[in-house]
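A short worksheet on the structure shown next.
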Amino acid sequence: MEKCEGIVIRTTNYRESDKIVVIYSKEYGKIGLVARGAKKTKSRLAAVTQLFTNGVFTFYPNRGLGTLQQGEAITSFSSIQTDIFLTAYATYACELLDKATEEQQANGPLYNLFYQIIHHIDEGYDPQVLTQIFEMKMLSVLGLYPTMDRCAICGQTEGRFDFSAYANGIVCHRCFERDKYRLHMTEKSVKLMRLFYIFQLDRLGNIDVKQETKEEVQRAIDTYYEQYSGLYLKSKKFLNNMKNWDTLLKDPAKKEDDD
């Protein structure tokens, strides 16, 4: 029998009353476990096998799916559980982690990063900025290493910069003509994207980024992922659609205030 600390990143109904839960753990990386009877409301495993639950899990390992014996919740991230917008961001982070990692490959720093992302989303920090930080940090996990500290073409560190997926990083004004389809970015957006790539979350303070800057950074990240990652995540599509709902929900409220 083994024990680990982890976060539930995916659940699937299995048979009449069981669940398959995928946990990203500090000690073992990603592990899949059968939680017998977890779909029953009175089951001792019902609460601890909810998505996003952080807990200590005891299980019997196996080459395939192990068997979850018991679990003790540490944090349930209640804000994420009750807010559809926060749920969408957290679900995307979970699916990105799930698709980018192999089973049973321990990565303590990655676990700590993921925990911090979910924790800060739950605490009310800007979820879009946090997921952008996570997306930039996950590039190395995917084996992707964009050049963010100098021009990806000529190596210069001074000047004006845009982002080029073609060149695999930022490009300076001297090389703009080498990629006519590069993404035009403000100086602030380029600096923010570079910061997200090297940023340590334990230094996180108040996040105050203008929406237009966040959208500019998001376009660059999305373009890079689409070209290089090979990932097509349902939660990402849902998240993009949800942003449109947010606009629709805010516009009537604004109109009502104006009236």
Before giving the answer on side chain to side chain donor-acceptor pair (under 3.5 Å), spell out for Glu135 and Tyr224 the whole-Å C-alpha distance, their side-chain angles and the decisive distance to 0.1 Å. CA-CA 10 Å; Glu135 286 174 313; Tyr224 191 81; over 6 Å; no

Any chance you could lay out the side chain to side chain contact (heavy atoms under 4.5 Å, CB included) test for Ser189 and Phe163, step after step, and finish with the verdict? CA-CA 10 Å; Ser189 295; Phe163 185 79; over 6 Å; no

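The closest side-chain heavy-atom distance from Val8 to Phe57 is below 4.5 Å. Residues Asp149 and Tyr197 form no side-chain contact, since every pair of their non-hydrogen atoms from C-beta on lies 4.5 Å or further apart. With a 4.5 Å cut-off on side-chain heavy atoms, Thr223 and Leu183 count as touching. Proximity of Leu142 to Tyr225: side-chain heavy atoms (C-beta onward) are separated by under 4.5 Å at one or more points. Looking at heavy atoms from C-beta onward, Gln70 lies out of side-chain contact with Val56 at the 4.5 angstrom threshold. Contact check for Met138 versus Leu110: side-chain heavy atoms found under the 4.5 Å cut-off. Residues Asn240 and Lys237 form no side-chain contact, since every pair of their non-hydrogen atoms from C-beta on lies 4.5 Å or further apart. No side-chain heavy atom of Tyr60 sits under 4.5 Å from any side-chain heavy atom of Val34.
Heavy-atom contacts from other residues, nucleotides or ligands closer than 6.0 Å to CD of Glu187 number 12 or fewer. Within a 6.0 Å sphere centred on OH of Tyr166, heavy atoms belonging to other residues, nucleotides or ligands number 12 at most. Counting non-hydrogen atoms of neighbouring residues, nucleotides and ligands closer than 6.0 angstrom, the NZ atom of Lys214 exceeds 12 such neighbours. For CD of Glu72, the number of neighbouring non-hydrogen atoms (other residues, nucleotides, ligands) closer than 6.0 Å is 12 at most.
The hydrophobic cluster containing Ile84 also contains Tyr92, counting ILVMFWY residues as joined when their side-chain heavy atoms lie under 4.5 angstrom apart, directly or transitively. Two different hydrophobic clusters hold Val21 and Tyr14 under the rule that ILVMFWY side chains link at heavy-atom gaps under 4.5 Å. Both Phe85 and Ile80 are assigned to one and the same hydrophobic cluster, defined by single-linkage of ILVMFWY side chains at heavy-atom distances under 4.5 Å. Hydrophobic clustering keeps Leu65 apart from Tyr24 (ILVMFWY residues linked when any side-chain heavy atoms are closer than 4.5 Å, directly or through intermediates). Connection of Val209 to Ile198 is established within a shared hydrophobic cluster, with ILVMFWY side chains joined at heavy-atom distances below 4.5 Å, either directly or through further cluster members.
Between Leu86 and Pro127, the shortest heavy-atom distance links the atoms CD2-CG, 4.1 Å. Here the closest non-hydrogen pair linking Gly37 and Asp18 is N-OD1, 2.8 Å. Residues Ser140 and Lys137 approach most closely at OG-O, 3.4 Å, considering heavy atoms. In this structure, Asn168 and Tyr145 approach most closely via the heavy-atom pair ND2-O, 3.4 Å.
Between Asp162 and the choices Arg219, Arg174, Arg178, Arg182, the salt bridge (Lys or Arg N to Asp or Glu O under 4.0 Å) rule is met once, by Arg182. Only one option out of Met193, Lys191, Arg160 pairs with Met185 in a side chain to side chain contact (heavy atoms under 4.5 Å, CB included); it is Met193.
Interatomic distance, CD of Gln218 versus CD of Gln211, reported as 10.0 Å (0.5 Å rounding).
Note: Phe134 and Phe114 have tilted aromatic rings, judged against thresholds of 30 and 60 degrees for the angle between ring planes. Between Tyr115 and His119, the ring planes lie parallel to each other; the angle is under 30°, not in the 30° to 60° tilted range.
Looking at Glu5, its side chain never comes within 3.5 Å of a backbone N or O of Glu27 through a donor-acceptor pair. Checked by atom type and distance alone, the side chain of Glu95 pairs as donor or acceptor with a backbone atom of Ser235 at under 3.5 Å.
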